[in-house]
Amino acid sequence: MHWTRSVKSRTSCCALSLLIGAMALAAAGQNTPTPLPNQTAKSPQASVSNQFTTNTGQAKTTTSQSSTKEQATVAASAATDEWWKHAVIYEIYPRSFQDSDGDGIGDIKGITARLGYLEDLGIDAIWLTPMYPSPGIDYGYDISDYTAIDPVYGTMADFDRLVSEAKKHNIRVIMDYVINHTSDQHAWFKESRSSRTNPKRDWYIWRDGKGPGQPPNNWQSWFGHSAWTFDEKTGQYFYHYFYAQQPDLNWRNPEVHAAMDGVLEFWMKRGVDGFRIDAVSRLFEDPELHDDPYRPGFNAYGDRNIEHKYTDNFPEVHDVLKEVRRVVDRYPGNPVLITEADEPNVEELAKMYGNGDEVQLPMDFQIADVNELSAPRFRELFNQIENNTAHGQPEYFFSNHDQPRQWDRYGDGEHNDQIAKLMAVLLLAPRGTPQMYYGEELGMRTTDPARIEDVHDPIGKLGWPKEKGRDGERTPMQWDTSAKAGFTTAAVPWLPVPPSAQKVNVEAESKDPDSILNAYKRLLALRKTDLALRDGTYEAVNEDDPHVFAFLRRSGNETVLVALNMSGKSRTAAFYLAGRGVKGTKLTPLYSAPSSGAQRLDHVVLAPFAAVVGRVE
Ligand code: GLC
Ligand code: MG
């Protein structure tokens, strides 16, 4: 979370709105997604090639002296290592990815139809945000049945088919495990609220008020106002960290553990490869209900600012994580656990790894929340996670379904596409497990609703206009130039297709060798085939440079240098690597944007916002 939503005034690019009138309207009633020119079902071997295309689009062979040897080593390391150590995870917001039945809402069959695209892109796993039955107050994060599929997304048979088809495309499937709360429409909560003596009463957190009309304490919901809602029938308050329609489960009750372990078993048996665990830091609250301390000022909802001191990060969270790990580890295939872990610092984050017995990939929200192109800050944070005391694998990202998209957050309004390519390198060149968000590979923009009447996300309704909600980063995936960007045949998709879809879409970008999409594809391919990028160590260099963030990836005799000019001015950097045991005087680009040739290591010229991934020779 840590949704730093007001970091940038998110006025959308005006040039693009001029295109609205010029939209080609060709929704010729197709019910199946348009096949894309590059949608070929590749064999796994086909992607392990030492070919890459330059920025001008020509195929060119890398200068690797020993490409066959390198391929053999890549194959050997793939056979022994846990898959998630070398994976790139791609987050799909199912509602917005691909509609297959023309109701304006994305669905499971739609995702299955796009597996060819995802394989061709070069990702390894998809994380699906919730598709379980839900009243949809928080768009799926309020679940009323953990072991079923919401009919809006399809059937369980559709889901099983997605998993089996994904396997054929070498794509693993990660589910969302929303553990902190259920929907108030879940059968458990309905029972719980039915009487004070119901056997499920203690599955949720019920307390008496302080007095008439007074909640038990001052705890606030992350989504605004009191975290307590009064229930007339039984005369008590229930606790909810998020909306009132999302009552918190009581993780101090062993029956809740047993029921939720059963949910994990259910999906593991259906062949999923792991879980992303939602809002995990919020599982426990102070049993003595101390008031949270106030901070100066007011938030977007008009509430006094508060520090969530007594509702976050209780040590018991780690017992639950160990339990979840024990359950999934009973299944083969190295299942992975990822946590939404917006921890205040790397020490707290590192605790999520446990002793190798909790989660393998806690998401690094520190990196996600930098929100400015700052070489010193990225250097500091990548160093921190690299050196985490748990020796855990870094997991980092820049965009997700809760945050304005990175194209707007990091763009300067002028060089946004170039900056998007730099961010692609920042995502895909370090060591760790990167996570992408659908449409990031196109440079999709945040497109907020213009009027409060159009807002879907309740936090946008409550916080308007200071908080416009999260609709802006959840707009339909932009596939082509047809009326609804190939997302749906419906006249009205659940969220409007942004005007930028005319230019920013898979079809157009596939044809443009210099597109953001092709930058991602080249980098994703390189990450698979280049041993240093795939397996190599990470070492920051030139640590005093305020503008150029640079680091080495080293494996055996191969050294790759990554240099990112995070400023709008041309910069020259000199790299002296002999002291680190690196031989070589020349930097030969494996990837560069804008395209550049080989340079002397002691005089590397970087255009504004340039990114180079080069072999030291
Ligand atoms: C997580 C989800 C967010 C949701 C919240 C409550 O932060 O990412 O979308 O609103 O949990 O479930
Ligand atoms: Mg649909």
Side-chain angles (χ1 to χ4, degrees), residues 1-5 31-33 91-114 127-132 134-144 146 149-155 158 175-184 186 221-224 227 240-249 275-283 308 311-312 338-343 363 365 368-369 397 399-404 435 437 456-460 462-463 467 469-474 476-477 484 487-490 492-495:
M1 289 182 300
H2 239 245
W3 305 329
T4 41
R5 305 194 49 84
N31 272 323
T32 41
E91 176 187 358
I92 291 182
Y93 196 71
R95 226 180 154 76
S96 297
F97 197 60
Q98 177 67 61
D99 178 20
S100 74
D101 59 3
D103 66 354
I105 298 174
D107 44 49
I108 295 174
K109 280 186 179 154
I111 299 170
T112 309
R114 292 298 186 178
W127 149 32
L128 303 163
T129 64
M131 305 190 296
Y132 317 101
S134 160
I137 300 293
D138 193 16
Y139 288 89
Y141 281 96
D142 48 324
I143 296 169
S144 53
Y146 285 103
I149 294 290
D150 193 307
V152 83
Y153 299 116
T155 62
D158 294 337
M175 299 298 274
D176 216 309
Y177 185 48
V178 184
I179 185 169
N180 177 68
H181 48 269
T182 70
S183 159
D184 64 348
H186 196 294
S221 160
W222 188 264
F223 288 159
H240 49 91
Y241 195 97
F242 298 95
Y243 299 127
Q245 293 88 342
Q246 293 169 297
D248 274 45
L249 283 164
F275 297 89
R276 174 266 188 188
I277 315 174
D278 186 65
V280 79
S281 330
R282 329 293 183 201
L283 295 189
H308 293 266
T311 58
D312 283 10
I338 306 171
T339 34
E340 183 188 34
D342 54 330
E343 301 308 310
M363 296 179 186
F365 274 75
D369 284 342
F397 64 99
S399 287
N400 69 13
H401 64 287
D402 292 325
Q403 248 154 332
Q435 183 186 294
Y437 183 50
H456 284 254
D457 185 7
I459 65 170
L462 191 66
E467 168 59 72
R470 296 163 289 175
D471 296 350
E473 54 265 30
R474 298 174 177 180
M477 174 72 173
K484 299 293 174 242
F487 165 68
T488 182
T489 54
V492 186
W494 84 280
L495 280 178

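Counting starts at 1 for both ligands and their atoms, in listed order.
- In this model, a donor atom of one side chain and an acceptor atom of the other lie less than 3.5 Å apart for Ser100 and Asp107.
- Side chains of Asp142 and Tyr243 form no contact here, defined as non-hydrogen atoms less than 4.5 Å apart.
- Ligand-side atoms of ligand 1 in range of Asp138: 4 (C), 5 (C), 6 (C), 10 (O), 12 (O), range being under 4.0 angstrom from any heavy atom.
- When the Mg ion (ligand 2) is compared with the N/O/S atoms of Asp99, atom OD1 turns out nearest.
- Between the OD1 atom of Asp103 and the OD1 atom of Asp101, the angle taken at the Mg ion (ligand 2) works out to 80° after rounding to 10°.
- Remark: the Tyr153 side chain and the Asp158 side chain contain no N/O donor-acceptor pair separated by less than 3.5 Å.
- Ring pair His401/Tyr139: centre-to-centre distance not below 6.0 Å.
- Residues Ser399 and Glu473 have side chains that never bring a donor and an acceptor to within less than 3.5 angstrom of each other.
- Residue-ligand proximity: Arg474 is placed with a non-hydrogen atom under 4.0 Å from ligand 1.
- Side-chain atoms of His308 and Trp222, non-hydrogen and from C-beta on, do get closer than 4.5 Å to each other.
- The name of the N, O or S atom in Asp107 nearest to the Mg ion (ligand 2) is OD2.
- Between Ile137 and Ser183, every side-chain heavy-atom pair lies at or beyond the 4.5 Å cut-off.
- Atoms of ligand 1 lying under 4.0 Å from at least one heavy atom of Phe223, given by number and element, are 10 (O).
- The distance from ligand 1 to the heavy atoms of Arg470 drops below 4.0 Å at these ligand atoms: 3 (C), 4 (C), 9 (O), 10 (O).
- Taking all heavy atoms of Asn400, Asp176, Asp278 into account, the minimum distance to atom 11 (O) of ligand 1 is reached by Asp278.
- Distance check for Ile105 against the Mg ion (ligand 2): an N/O/S atom falls below 2.8 Å.
- Listed by number with element, the atoms of ligand 1 under 4.0 Å from a non-hydrogen atom of His181 are 6 (C), 12 (O).
- Within the structure, the closest approach of Tyr139 to ligand 1 does not fall below 4.0 Å when heavy atoms are considered.
- Under a 4.0 Å heavy-atom criterion, Arg276 is in contact with ligand 1.
- Atoms of ligand 1 found under 4.0 Å from any heavy atom of Phe242 (numbered from 1 in listed order, with element): 5 (C), 6 (C).
- Considering only non-hydrogen atoms, atom 7 (O) of ligand 1 lies nearest to Glu340 out of Glu340, His240, Gln403.
- Residue contacts with ligand 1, taken as heavy atom pairs separated by less than 4.0 Å, do not involve Trp222 at all.
- Shortest non-hydrogen contact noted between His186 and Tyr146 is NE2-CD1, 3.7 Å.
- The contact set between ligand 1 and Asp402, taken as ligand atoms under 4.0 Å from a residue heavy atom, comprises 2 (C), 3 (C), 7 (O), 8 (O), 9 (O).
- The distance between the ring centers of Trp127 and Phe397 does not fall below 6.0 angstrom.
- Of the inter-residue distances, the one linking Arg470 atom CZ with Ile459 atom CD1 reads 4.0 Å to the nearest 0.5 angstrom.
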